[in-house]
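Single-structure report; data block below.
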There are 2 protein chains.
Amino acid sequence: MKKQGEDILKNSALSVTASRKRILEIFLDADNALAHQDIETKCADQYDRVTIYRTLQTFLEKGIIHNIPSTDNMVRYALCNDACITTGHHNDNHVHFRCDACGKTVCLDDVNIPPVNLPKGYTMKEINMVVNGICKSCK
Amino acid sequence: MKKQGEDILKNSALSVTASRKRILEIFLDADNALAHQDIETKCADQYDRVTIYRTLQTFLEKGIIHNIPSTDNMVRYALCNDACITTGHHNDNHVHFRCDACGKTVCLDDVNIPPVNLPKGYTMKEINMVVNGICKSCK
DNA sequence: ATTAAGAATGCAACTTTGTTGCAAAAGTAT
DNA sequence: ATACTTTTGCAACAAAGTTGCATTCTTAAT
């Protein structure tokens, strides 16, 4: 299990570096989505701010993580599920939940986004759904 | 029609000031959602950046505008529809659409967000749906 | 209409967040 | 082990957002 992060990097054809392994580890350990800031507080002493920005960008492009929109100017990131990473096919069709009590944002992997009918002339490429309220841990 | 902005302010128990009227006017004229930056470029010569921040904050709190989440760290704002403002009751249950071609974000007022079943233990308070793709004007 | 009280604005200073170019260091493949 | 490529850290900068306070504008009551 120690090698999990390294494997993800190799599968994505990325070179294996200490900072990438560490940031992946942070995601693997987390039970919720992380903002840039969260990651920075966990390892800014070890790695430069700029490196974190670039690493998140790289992970996004490779489909290792996906981002979750927000209304607070704090885009959050979460690991894509295994199928996503191994197949290369993206299926981030799940709902995200933000708890107003604990502030955590999580992926509800089992809750699919319901289909929507757009008006004539609109073409859908991606869809994002974020629900907030109280999570099961807080209530 | 000239008084529309002023009426909105009065209905929300806000004092009528030049900057608030101007910012409301910008929203009334716009056919898409606006980021802070958009507003700034339209009136930063007339009003201070700080005033714009505070005005948007106030409008949000009063329910005059609502915000639209994004993954690009550019929260956008749009006027709530009339019913929203007059009844004080929020019903921003519509889908938002972001066009990848023209970059505009719009409210699809006629497209309701479909219901979602959350797992046991989760309570929903708000829900947000953002679709992106190509809008009817661009294709 | 005038005025007093309260609210909003502008300014200045500051903090945080994000970006870019470049030299040094580390990783990869031979 | 070496040459080549990629990544990192640093520095400098640009942009975004925040706060306190003095001044100005609104409002409501006289």
Side-chain angles (χ1 to χ4, degrees), chain A residues 2-3 5-27 33-62 64-65 67-77 103 105, chain B residues 3 5-27 33-65 67-77 103 105:
Chain A
K2 183 75 185 332
K3 302 194 66 182
E6 216 167 305
D7 291 342
I8 292 174
L9 291 171
K10 284 177 181 162
N11 287 341
S12 300
L14 289 175
S15 41
V16 177
T17 68
S19 55
R20 286 177 179 166
K21 279 193 287 185
R22 176 76 185 105
I23 291 175
L24 268 181
E25 195 182 301
I26 292 173
F27 275 112
L34 302 172
H36 170 93
Q37 205 190 24
D38 298 322
I39 295 166
E40 204 174 306
T41 56
K42 282 185 205 288
C43 67
D45 48 328
Q46 321 175 54
Y47 304 108
D48 196 82
R49 239 157 41 85
V50 178
T51 299
I52 300 174
Y53 279 111
R54 293 196 267 225
T55 302
L56 290 174
Q57 191 54 40
T58 303
F59 286 0
L60 261 187
E61 282 161 9
K62 293 290 183 177
I64 296 173
I65 58 178
N67 52 16
I68 302 163
S70 80
T71 51
D72 64 354
N73 279 324
M74 293 260 290
V75 178
R76 290 173 182 81
Y77 305 88
T105 299
Chain B
K3 301 195 64 181
E6 216 168 304
D7 291 341
I8 293 173
L9 291 172
K10 283 177 181 162
N11 287 340
S12 300
L14 289 175
S15 41
V16 178
T17 67
S19 56
R20 285 177 179 166
K21 279 193 286 185
R22 177 74 185 107
I23 292 175
L24 268 181
E25 195 183 300
I26 292 172
F27 276 112
L34 302 171
H36 170 92
Q37 205 189 22
D38 298 322
I39 295 167
E40 206 174 304
T41 56
K42 283 186 206 286
C43 67
D45 48 328
Q46 320 174 55
Y47 304 108
D48 196 81
R49 240 158 40 84
V50 178
T51 300
I52 300 174
Y53 280 112
R54 294 196 266 225
T55 302
L56 290 174
Q57 190 54 41
T58 304
F59 286 180
L60 261 186
E61 282 161 9
K62 293 291 183 176
I64 295 172
I65 58 178
N67 52 15
I68 303 164
S70 80
T71 50
D72 65 354
N73 280 324
M74 294 259 290
V75 178
R76 289 172 183 80
Y77 305 88
T105 300

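Below, chain A is the first sequence line, B the second, and so on; all start at residue 1.
Distance, A:Asp72 CG to D:dA16 C1': 15 Å, rounded to whole Å. Taking atom NE2 of residue A:His36 and atom C1' of nucleotide D:dG17, one finds them 16 Å apart after rounding to whole Å. Rounded to whole Å, the distance from CZ on A:Arg76 to C1' on C:dT17 is 15 Å. Note: CG (A:Asp48) to C1' (D:dC10) measures 7 Å, nearest angstrom. Distance, A:Arg20 CZ to C:dT28 P: 9 Å, rounded to whole Å. Between the CD atom of A:Glu61 and the C1' atom of D:dT7 there is a distance of 14 Å, rounded to whole Å. Computed from coordinates, the B:Leu9 CG to D:dC25 P distance equals 18 Å when rounded to whole Å. In this entry the distance linking NZ of B:Lys21 with C1' of D:dT26 reads 11 Å, nearest Å.
Contact of A:Arg49 with C:dG18 (side chain to base): a donor-acceptor pair of N or O atoms is detected under 3.5 Å.
Residue B:Gln46 is in sugar-phosphate contact alone, with no base atom involved, counting any heavy-atom pair closer than 4.0 Å across all strands shown. Among the protein residues, A:Thr58 comes within range of no part of the nucleic acid, since none of its heavy atoms lies under 4.0 Å from any strand. At a threshold of 4.0 angstrom between heavy atoms, the contacts of A:Glu40 with the nucleic acid are absent. Residue A:Arg54 is in base contact, counting any heavy-atom pair closer than 4.0 Å across all strands shown.
Side-chain nitrogen and oxygen atoms of B:Ser15 include none within less than 4.0 Å of the OP1 or OP2 phosphate oxygen of D:dT27. The phosphate of D:dG17 (OP1 or OP2) has a side-chain N or O of A:Asn73 nearer than 4.0 angstrom. Put simply, B:Gln37 has no side-chain N or O that comes within less than 4.0 Å of OP1 or OP2 on D:dA15.
A:Ser12 contributes no side-chain N or O that, together with a main-chain N or O of A:Leu9, makes up a donor-acceptor pair within less than 3.5 Å.
Between A:Asn73 and B:Val75 the shortest heavy-atom distance is OD1-CG2, 3.3 Å. In this structure, B:Ala35 and B:Met74 approach most closely via the heavy-atom pair CB-CE, 3.9 Å.
Ionic pairing of B:Lys21 and B:Glu25 is not present here: no N-O contact between side-chain nitrogen and carboxylate oxygen is shorter than 4.0 angstrom.
When each of C:dT28, C:dG10, C:dG18 is scored by its nearest atom to the side-chain atoms of B:Thr51, the top-ranked nucleotide is C:dG10. Minimum atom distance to the side chain of B:Val50 is reached by D:dT19, of the listed D:dG17, D:dT19, C:dT20.
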Practice problem: May I have the step-by-step check of side chain to side chain contact (heavy atoms under 4.5 Å, CB included) for A:Ser15 and A:Arg20, ending in yes or no? | Solution: CA-CA 9 Å; A:Ser15 41; A:Arg20 286 177 179 166; 3.4 Å; yes
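Each of A:Thr17 and B:Leu14 lies near DNA chain D, and the nucleotide nearest A:Thr17 is the one positioned closer to the 5' end.
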